[in-house]
Amino acid sequence: MAAYDPRDFPAIAVTVDIVALTLRGGALHVLLVERGGRPFRGAWALPGGFVRAGRESLDAAAARELAEETGLDAAHLERVHLEQLGSYGEPARDPRMPVVTVAYLAFAPDLPEARGGGDATAAAWIPVSRLDLGARRDGRTDRAAAPGSAAEDRDRTARTAGEPDAARPRPSEQGPGHGIDGGDSVPRTPAAAPGPEAPAPLPLAFDHARIVADGLDRARAKIEYTPLATAFLGEEFTIAELRGVYESVWGSPLHAGNFHRKVLSVPGFVEPTGSTAARGGARGGPRARLYRAGGAALLHPALLRPGRDAS
C-alpha cells in the first residue's frame, strides 16, 4: 500500500437518485425536484445527491435523500419499499465531471407533500403521464427538432452536456391522497392521454428520463410476480383498491370480477382481516371485505399484464 497513490487515478464521483412512486388522486406520481444550482438550474430532476464517501453506504444515502425531500422520519421510512434499480455511468451524463449514479426505486402509500431540500428550490409529486420519457440512452431525444421550436427547447434541457437557458414551467400537480374508492366494483379508467389542450411533456435533467422509464418498467414487472403492489396501500385494503394500484401502474383498466378471482386464487397474496370497509361501493350494496398483505414472497401463478395473459 505504500506505493499506492489515489492521485494516479482519474477522479470520479458517486451519487444516488431515487425514483419515488406513489398514488395520488388515483394516478401514479413520481417525486421531482426543481434544481436550484448548476448544471440544469431551473430544470426538474429526480431527488438525489452525492454519496458521503467513507461515511455512509449507498442504501443510507438513498434513504437520507428521500427523507430530505419528503420529510419522512425514520419510523415512516420503514414503510417505504426501497430497492436498488441500477447504475448509470455514461461518460457525458454530468457536465461537471465523471459521475456514476446508483438509482433506487421507492414506493409507499400516502407519502406526504414534497418539500425542497438541499439545493432544490422546489419539490412536487408529478403525474407520470406528464413526463417526457422519450429520451435516448445518451439523454438526447429521438428526433432532431426544428431550430427555435418548442421541441428544440425541450431537447436542449434533456442533453447531458449543458443546462437549460431558463427555468422550466412549473407542471400541474394533483392533491394528496391515493383516492381509490374502497368497495367500488366499477373498473377504474386510467388518466386519459394528453389531448390538444394538454401542456407539453415535461423534460427532465441529466439522463433522468431514462432512469424514470427504467423504474416504471421495473415496477410494472415486479407487481406481476411479487406482492409489492400492496406496498402502495395501507395495512388494510379492499380488492378494488388493490385493483386500482394495478390499473394505475400498468395504465390499463382491468375486469373487476376476473381480477378479484385471480387475486384470491394466488396462495399467500392477501388474507382477509375479518372486517369490512367503512362504506359501500359507488353503486351501493354491501360493504367490501378488507384484506391485508399475505406472507407470499412470489406470486404463483403470476398476475400478467393485459396482452401477456394467456388465460
Side-chain angles (χ1 to χ4, degrees), residues 20-29 70 72-73 75-82 106-113 125 127-128 174-192 219-220 222-306 309 311:
L21 302 174
T22 196
L23 295 180
R24 301 174 74 82
L28 189 63
H29 283 57
T70 60
L72 290 174
D73 56 24
H76 286 90
L77 278 175
E78 293 181 358
R79 299 171 50 212
V80 178
H81 174 82
L82 186 66
F107 42 85
D110 299 324
L111 289 175
E113 292 296 331
W125 291 102
V128 168
Q174 292 197 19
H178 56 71
I180 301 174
D181 292 332
D184 190 354
S185 62
V186 180
R188 294 162 45 81
T189 302
R220 288 164 180 156
K222 290 204 77 167
I223 65 173
E224 287 187 323
Y225 63 89
T226 76
L228 285 177
T230 60
F232 283 97
L233 300 169
E235 292 185 4
E236 297 184 348
F237 50 84
T238 67
I239 298 297
E241 289 176 326
L242 182 61
R243 188 179 77 250
V245 173
Y246 277 88
E247 291 178 333
S248 297
V249 175
W250 284 348
S252 299
L254 302 174
H255 186 279
N258 288 344
F259 181 82
H260 193 283
R261 173 179 54 81
K262 289 179 180 180
V263 167
L264 297 186
S265 70
V266 179
F269 186 7
V270 298
E271 58 186 34
T273 66
S275 301
T276 59
R279 60 186 179 88
R283 293 184 174 180
R287 292 181 294 180
R289 294 178 180 177
L290 291 175
Y291 295 82
R292 64 171 65 94
L298 296 174
L299 303 184
H300 183 74
L303 274 68
L304 301 181
R305 276 170 278 184
D309 196 337
S311 63

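All values reported here derive from a predicted model rather than from experimental measurement.
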Distance in Å, [X] [atom1] paired with [Y] [atom2], rounded so as to fall on 0.5 Å steps:
| X | Y | atom1 | atom2 | answer |
| --- | --- | --- | --- | --- |
| Ser265 | Leu299 | OG | CG | 10.0 Å |
| Leu242 | Thr230 | CG | OG1 | 7.5 Å |
| Glu224 | Arg305 | CD | CZ | 4.0 Å |

Self-check item: Exceeds 12 heavy-atom contacts within 6.0 angstrom, atom CD of Glu236
Solution: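 Atom CD in Glu236 is packed in, count exceeds 12.
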Quiz prompt | Stepwise side-chain contact (heavy atoms from CB on, under 4.5 Å) check, Tyr225 with Leu304 | solution = CA-CA 8 Å; Tyr225 63 89; Leu304 301 181; over 6 Å; no
Quiz prompt | Short N-O contact, Arg292 and Glu271, less than 4.0 angstrom | solution =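 Glu271 and Arg292: salt-bridged.
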Quiz item: What about the rings of Phe237 and Tyr291, do their centers lie closer together than 6.0 Å?
Solution: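 When the ring centroids of Phe237 and Tyr291 are compared, they turn out to be at least 6.0 Å apart.
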Self-check item: Contacts of type ring pair (Phe, Tyr, Trp, His ring centres under 6.0 Å), residue Phe107, not counting sequence neighbours
Solution: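 If we apply the ring pair (Phe, Tyr, Trp, His ring centres under 6.0 Å) test to Phe107, skipping adjacent residues, the hits are His81, Phe232.
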Quiz prompt | Contacts of type ring pair (Phe, Tyr, Trp, His ring centres under 6.0 Å), residue Phe269, not counting sequence neighbours | solution =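 Checked Phe269 against ring pair (Phe, Tyr, Trp, His ring centres under 6.0 Å); zero matches.
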Self-check item: Residue pair Val245 / Arg243, side-chain heavy-atom distance below 4.5 Å
Solution: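 No. Closest side-chain heavy atoms not under 4.5 Å.
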Practice problem: Report yes if the side chains of Leu290 and Thr276 come closer than 4.5 Å at any heavy-atom pair, otherwise no. | Solution: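 Side-chain contact under 4.5 Å: no.
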Exercise. Please answer whether the main-chain N or O of Ala27 pairs with a side-chain N or O of His29 as donor and acceptor at a distance below 3.5 Å.
Key: yes
